[in-house]
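These notes concern the structure reproduced below.
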Amino acid sequence: MRTKQSIFQDIDWIMVAIYLVLVAFGWISIYAATFDEQHRDILDMTQNHGKQMLWIVLAIVIATAILLLDHQFFETFAYAIYGISLFLLLAVLFVGSEIKGAQSWFVLGPISFQPSELAKYGTALALAKYLKVHGSKFKEMRIKLISLCIIFLPAILIMLQPDVGSMLVFAVLLVVLYRQGLSGWIFILGFAAIFLFVIALFMKQFSWEISSETSIAGSWLFLSLLASLCGVIFYFLRKSKGSLLIILGSYLASLGYYLSVDFVFDHVLKPHHQNRINELLGIVSDPLGAGYNVHQSKIAIGSGGFFGKGFLQGTQTRFHFVPEQSTDFIFCTVGEEWGFLGSVVLVSLFVFLMARIIWMAEKQRSEFTRIYGYCLASILFIHFTINIGMAIGLAPVIGIPLPFFSYGGSSLWSFTVLLFTFIKLDSERKFVLR
Amino acid sequence: MNNLEQRKFVIIAAFVIIGIIFLIQLFSIQVIDDSYVSSADNQALRFVTKYPSRGIIYDRNGEILVLNQAAYDLMVVPGQVENIDTTLLCEILDITLDEFESNIDRASSYSKYRASIFKKQMTASEYAQLAERLYQFPGFYGQKRSLRIYPDSVAAHVLGYIGEVNQRQLDLDSFYRSGDFIGISGIEKQYETMLRGERGREVLMVDVHNTVQGKYENGELDVDAKSGYNLESTIDLRIQKFGEQLMRNKKGSIVAIEPKTGEVLCLISSPTYDPNLLVGVKRAKNYALLSQNDSLDPLFNRALMAKYPPGSIFKLIQSLIALDEGVISENTGFTCNKSLVGCHNHPSANSIKEAIQMSCNPYYHQLFKRLINRGRSKSYFEDSALGLEHWTERVTAFGLGQRLALDLPNLKAGNVPSVELYDRIYGKRRWAFSTIYSLSIGQGELEVVPLQMANLAATIANKGYFIDPHLISNIQNLDSNLPWEHHETGIDAGYFEPVIEAMQWVVEKPGGTARRARIDGIEVCGKTGTAENPHGKDHSVFIAFAPKENPKIAIAVYVENAGFGGTWAAPISSLLIEKYLTDSISDTAKQNQIIRADLISLEDVYED
């Protein structure tokens, strides 16, 4: 067995470089978003960009520390970290501080900490460790269920805070199970469910006027169409006896689901969620109310044009038309000041980084590293999709940060830890046995 | 397991697809759809019009006749008005809640995102109260404008007034934008393009709270406002003011001209009004009061627009033409035969000088007959027509019957009757000298405006020529020669000597008709007139110039319904001449008597 000469040996410098570019680009954008004439100093600690500089320095320290750890550490302490994060998630419900309507923070003097950040890491490690051991028997229902439990236990605790955004981050770990052998149908079903949900919301607003006295409510129209469709499919598959049962079953399931959408939408979702969904789907338009953030965000990005307005020249972001512009809506600064070109660079960097992680994961001899890599890529993917998607009006407004980019020590450090753990594990791939 | 490993392609494909969807959406909103650019500009940029200050108008000695005073329009952008203390704002602005609502509604109906005027023309002190609290009212800001102010409240008819452009003017001239001011009368109208200057523009960046955050693109798109040109007028503030004072409670006008240059020294129409009444928001109300509720019509500029028969002052022109045509000589005498035209009692005039001095009507009847009937045709009618045609031409050369080139709008031409006129009235060859003889003494169809009378005085003072009378002598900082022309009457300068001599007698000799115009130490030459007025008491007329040698001022005074010309018009002239030449008044009793005289009420008594 060979031994490593240096902790920096075999490190994937490409990933490190992308990380540094994203962090720097993010910091510039935060500087632009908070810039004003009185606070030109790049290290002004009263301003977000000054603080972010400090967080970045600390993040690099953390990254180095992770590279210094023994690679066995992560696998060894996977369950422990997971356990601690579950405990903290439970504790935060009782002793946490409420920020923006969610009881998700521990505040100790100047330091605040969000246990859901740790939980992402803990869950990724625990899932990797569990599947490393039991992954070969993934076809067994028991293994599947335990895997799902590992994912959804923290998700449920987070839902109680309630923090819909962070919860989605856990749901995306189903991608990892898909790679492990979970049927792709679950995603098709998921998309079908979202599709039905959207249809149901639209149909609520719609009715077909046959004459001045009679009109058919949109819902009945859709359900009748769906029934006819099932009838047609059955006609073509009439030779297969079992198909009748399946078609009838799925029709009834759809019917039940469809009818439950009303209930879920009106009674389970909070009014601000309802507004955001209605706004996204264009069912209602209220640019000064619920749609304000996205409306302003699109104006900022859209006004950037092809080449952008230039560094520190963005009027929309600099003059606070866009809310939350150094955290959730940080992408606006990129879109406005760097234009389509800058946006292409950013989107490409993310897609390349995520694809590279998957690619590298598949090269691993260690199952643990491979599965952990999938967890990392999935988590980055959901943040990337939701964050940029909402800024350009393609996803509902859910307050989750853009990895490495958004302002905030908590999220920067947690993504740094997530990424550098993988870089560390990957650097050991030549020294581990399967 | 190999099979499952292929799933990495599905997952990577999902990443790439999301990335592509994002880029398509970004391309669509950033590159294809440009509505976001204008939305951004509407929100973050504020286009502030920088209004130029209107040119100042000075008198001939550099005294200010009209200048500007800061005023502020309170602007509102309805879409940015939120969470304001409406009651407090109404209190500061001294408006009711209803007015507030209706102003906001009006502004919103124009545009929610563009500024419209909320309250017009607040004075600097009114605005100061609001300015320090303006930060409490997002969506509101002040726009600096300027209003005219007339420090001496004089020369309303000369200076004119400005007002907001109307729709017709907006359609005609793309220079103007709604809310702009435009000269409506007087010099303000005549010199509008000089006075108005050029609008500037400032592009500011505002933040979400509508607070200004600095200049957009470091002010590269800004354009400075260009002030209007300052005008130097020919008006002498002292005599303009003094003349207005003398004309108080009298109807009529005074025009004084510097003969050598054609510069108008004063131009007064009475009754007049305080030009400060027609400034700013109060203009509309006061205009209505002045134009409708005042039977004396103070807005009517009599000096340029009131057409009067010239009366006896016209005898000067008759004398000059007759001498020049050679139909009489300096020593021609006619008996004062009152059979055809009336006259007052005086010895018969044995020379043209005596005729002028005594203003003998029969003398001019006979003189005019010689001018008209010169035996050019055997037909009496034809001969009269030929005579009149020539006479009309010669009279017109004195600036009568034509619009003088004065730089004010709405100038009237008056009337010098022509052959065509009488042909139209009576028919061709149906009229002759006997029909038109009242022209001989300045009555009949003759009509002149006071400016033309003053111009006549100046022409005589110049012994045969006049320069276009004008009010502006220089446009500061602009190289342009103002187009004032020299006009010859065609009368030989020598013929003016006896006429001028006689005009001096009118004022100075015992038996002269204008003894009240005498001034110690100044040789005043003048001629009275008393124009018949079919509607009431006769109009009192006097034209004069002084001093006799190298005249400095020519003047015409016309007082309506004041009776004999020597009684009112002559002393008013002399006071103004004295004031202009010596800057003092020796006979204050005469001055006070005239200032106190109320000829308007007098007229009322006569009419009853």
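Order of the sequence lines sets the chain letters (A, B, ...), proteins ahead of strands, with each chain counted from 1.
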**Q.** Minimum heavy-atom distance between A:L168 and A:I398, given as atom pair plus value
**A.**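 Here A:L168 and A:I398 meet closest at CD1-CD1, 3.4 Å.
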Q: Pull out the residues in residues 374-386 of chain A that come under 4.5 Å of chain B, heavy atom to heavy atom, sorted by number.
A: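 Only A:Y374, A:A377, A:F381, A:F384, A:T385 of residues 374-386 of chain A have a heavy atom under 4.5 Å from chain B.
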(Q) Ring centres under 6.0 Å, that's the criterion: do B:F118 and B:F100 meet it? (A)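 Ring-ring flag for B:F118/B:F100: true, centres closer than 6.0 Å.
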Where the side chain of [X] meets the backbone of [Y], is there a donor-acceptor pair that is under 3.5 Å apart?
X      : Y      : value
A:R365 : A:R429 : yes
A:S406 : A:P401 : no
A:Q325 : A:T317 : yes
B:E126 : B:T123 : yes
B:D73  : B:M75  : no
B:Q143 : B:T49  : yes
B:Q121 : B:A71  : no

Part of [X] within contact of chain B (heavy atom distance under 4.5 Å):
X      : value
A:V175 : both
A:F350 : neither
A:F187 : neither
A:I299 : both

Q: Can you establish whether the number of heavy atoms outside B:N218 located under 6.0 Å from its atom CG is more than 12?
A: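 No, the 6.0 Å shell around CG holds no more than 12 heavy atoms from other groups.
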Q: Pick whichever of A:G304, A:S343, A:A300 has the most heavy-atom pairs under 4.5 Å with chain B.
A: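 Going by pairs under 4.5 Å, I would pick A:S343.
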Q. Using a cut-off of under 4.5 Å for heavy-atom pairs, which of A:L182, A:V322, A:I357 has the most such pairs with chain B?
A.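 So the answer, after comparing A:L182, A:V322, A:I357, is A:L182.
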Q.
Just to be sure I understand the criterion: a residue of residues 17-30 of chain B counts if one of its heavy atoms is under 4.5 Å from a heavy atom of chain A. Which ones qualify?
A.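 Residues of residues 17-30 of chain B touching chain A at under 4.5 Å: B:I18, B:G19, B:I21, B:F22, B:L23, B:Q25, B:L26, B:F27, B:I29, B:Q30.
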Q | Lys/Arg N to Asp/Glu carboxylate O, A:R179 vs B:E5, below 4.0 Å | A |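 The answer is no: the pair does not qualify as a salt bridge.
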Q) Do B:E99 and B:K119 meet the salt-bridge criterion of a basic N to acidic O distance under 4.0 Å? A)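 No, no charged N to carboxylate O under 4.0 Å.
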Q | chain A interface, residue from B:I11, B:V16, B:V10 that has the most non-hydrogen pairs under 4.5 Å | A |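 So the answer, after comparing B:I11, B:V16, B:V10, is B:I11.
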Q) Does NZ or CZ of B:R7 fall inside the cone over A:Y178's six-membered ring, less than 6.0 Å from its centre and within 45° of the axis? A)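 The answer is yes, since B:R7 meets both limits relative to A:Y178.
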